[in-house]
Number of protein chains: 2
Amino acid sequence: MTRARPSTPAGLGSGPYSEAQERTIAAALDLFVEHGVSGTSLQMIADALGVTKAAVYHQFNTKEEIVVAAVECELLGLEAALDAAEVAERGPRALDLLMAQVVHLAIEQHRMVGALQHDPVIVRLLAEHRPFQEFMQRLYRALLGGDASPEARVRAAMISGAIGSAVTHPLVADLDADVLADQLIRQTRRFLDLPG
Amino acid sequence: MTRARPSTPAGLGSGPYSEAQERTIAAALDLFVEHGVSGTSLQMIADALGVTKAAVYHQFNTKEEIVVAAVECELLGLEAALDAAEVAERGPRALDLLMAQVVHLAIEQHRMVGALQHDPVIVRLLAEHRPFQEFMQRLYRALLGGDASPEARVRAAMISGAIGSAVTHPLVADLDADVLADQLIRQTRRFLDLPG
DNA sequence: GTCTATATGAAGATAGAC
DNA sequence: GTCTATCTTCATATAGAC
């Protein structure tokens with residue numbers, strides 16, 4: 001997670017969360033990953049925390065608020081990488097930087113990646129919740145680097161799925177994180193025609 | 001769907017389904033795609049069919065049976081492609097064949113791909129239900145073509161995610177199916193170092 | 001193959017005490 | 001911050017008539 005400051009980095013984040021809220025978010029994320037958002041009840045979250053549902057409802061007013069907070073929390077690392085990439089000038093250098101950071105983040109948070117990219121509830125949230133919308137657009141802009149041709153777009157779509165899949169896939173479940181990272185960066189670079 | 005025969009192709013398939021069952025499966029698949037399996041209730045399926053829940057329970061004894069039938073139904077096309085690839089000799093030729101068919105299938109069924117690859121309930125089913133287990137192993141064997149090195153495995157994991165992502169991704173939602181297929185095959189070939 | 005009606009439990013959510 | 005208790009709605013599932 002590697003998050004020094006509390007929680008409010010300008011773009012994302014509806015503010016810092018209390019200790020109890022952070023615990024709730026962590027427990028919820030675990031369950032979202034395993035069962036999906038719809039497959040996770042507040043009872044399950046409460047059980048994981050060893051408290052009652054009412055205690056969870058004291059931290060967040062609705063289940064949706066928990067989902068928003070959890071997604072926010074997971075996107076913070078990506079936002080930092082995006083900030084850095086936007087500071088660097090456009091072109092292959094920025095893309096290479098972004099790519100390497102995305103790979104490392106994806107491996108670090110590999111358990112969450114699948115849910116973030118594919119859970120129907122989260123996907124809808126990412127598309128409808130304003131702050132997430134804007135964040136995703138920034139991300140796509142950086143990924144495309146100004147090139148909106150079909151080739152570039154298919155490549156960007158492929159690469160985001162490829163990385164997401166490669167950190168979750170049963171085929172590579174037994175690989176060492178270092179080996180996986182090395183291979184992923186090498187092959188992503190090759191796919192993107194970046195100097196390796 | 002392009003499925004001439006009823007439903008029993010040796011490996012998968014617990015048998016042919018009645019007309020009413022096929023309608024139920026189709027409605028369920030639609031909803032699974034949009035809301036996920038856990039986010040889809042039998043009431044929603046019944047409403048989509050314009051009947052009551054009891055009528056749906058007459059076709060299938062449990063929700064899980066519907067999920068199994070739906071997944072089976074979606075994997076039939078992939079099984080045919082796999083059959084064909086296994087007949088061809090091993091090596092790049094078989095892989096190239098498989099890849100092209102997978103790309104076309106993925107585009108044809110693009111709405112279902114995300115759910116099949118990532119819905120937690122389906123993923124668990126794919127891993128635990130015997131016939132699905134065996135099918136997935138066949139698929140991985142064909143994908144790897146005998147090479148079990150980390151490089152080959154990461155590449156296989158990446159490519160399956162890349163294709164799955166490329167047919168679902170918002171970035172390419174407005175592309176023509178032909179353009180998408182062309183780009184996908186071209187870029188997949190390049191990634192796999194296949195002659196293009 | 002479809003219906004009405006119903007059983008049983010679990011979901012999201014709230015009230016109010018400690 | 002946590003509890004017990006409760007509300008309402010919805011979930012899966014069944015019984016039995018048409």
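These numbers come from the heavy atoms of this one structure, side chains and all, not from hydrogens, waters or symmetry mates. Chain identifiers are assigned alphabetically (A, B, ...) following the order of the sequence lines, protein sequences preceding nucleic acid strands; residue numbering begins at 1 within each chain.
A side-chain donor-acceptor contact under 3.5 Å links Lys63(B) to the backbone of Thr40(B).
Heavy-atom minimum distance, Arg124(B) versus Glu34(A): NH2-O, 3.2 Å. The two residues Ala69(B) and Ile25(B) make their nearest non-hydrogen contact at CB-CD1, 3.7 Å.
Counting non-hydrogen atoms under 4.0 angstrom, Thr40(B) reaches the backbone sugars and phosphates but no base. Residue contacts for Ser18(B): at a heavy-atom cut-off of 4.0 Å it reaches the sugar-phosphate backbone alone, with no base atom in range. Ala20(B) comes within 4.0 angstrom of the backbone, heavy atoms only, and of no base. Thr52(B) comes within 4.0 angstrom of a base, heavy atoms only.
The aromatic rings of His118(A) and His118(B) sit parallel to each other, their planes meeting at less than 30°, with 60° as the upper class boundary.
Other residues, nucleotides and ligands contribute more than 12 heavy atoms inside 6.0 Å of the CD atom of Glu65(A).
Rounded to an integer number of Å, the gap from Phe60(A) CZ to dT14(C) P is 15 Å. To the nearest angstrom, P of dG12(C) lies 12 Å from CG of Leu31(A). In this entry the distance linking NZ of Lys53(A) with P of dT6(D) reads 14 Å, nearest Å. Here the C1' atom of nucleotide dC3(C) and the CD atom of Gln43(B) are 13 Å apart, to the nearest Å. Look at CD on Glu64(A): it is 13 Å from P on dG12(C), rounded to the nearest Å. Rounded to whole Å, atom C1' of dA5(C) lies 15 Å from atom OH of Tyr57(B). Protein atom CG of Leu49(B) is 15 Å distant from nucleotide atom C1' of dC3(C), rounded to whole Å. Rounded to whole Å, the distance from NE2 on His58(B) to P on dT14(D) is 14 Å.
The side chain of Ser41(B) places an N or O atom within less than 4.0 Å of a non-bridging phosphate oxygen (OP1 or OP2) of dA11(D).
For Thr62(A), whose side chain is taken as the heavy atoms from C-beta onward, the closest listed nucleotide among dT12(D), dC3(D), dA13(C) is dA13(C).
Positionally, the nearest nucleotide of DNA chain C for Gln21(B) lies more toward the 5' end than for the other of Ala54(A) and Gln21(B).
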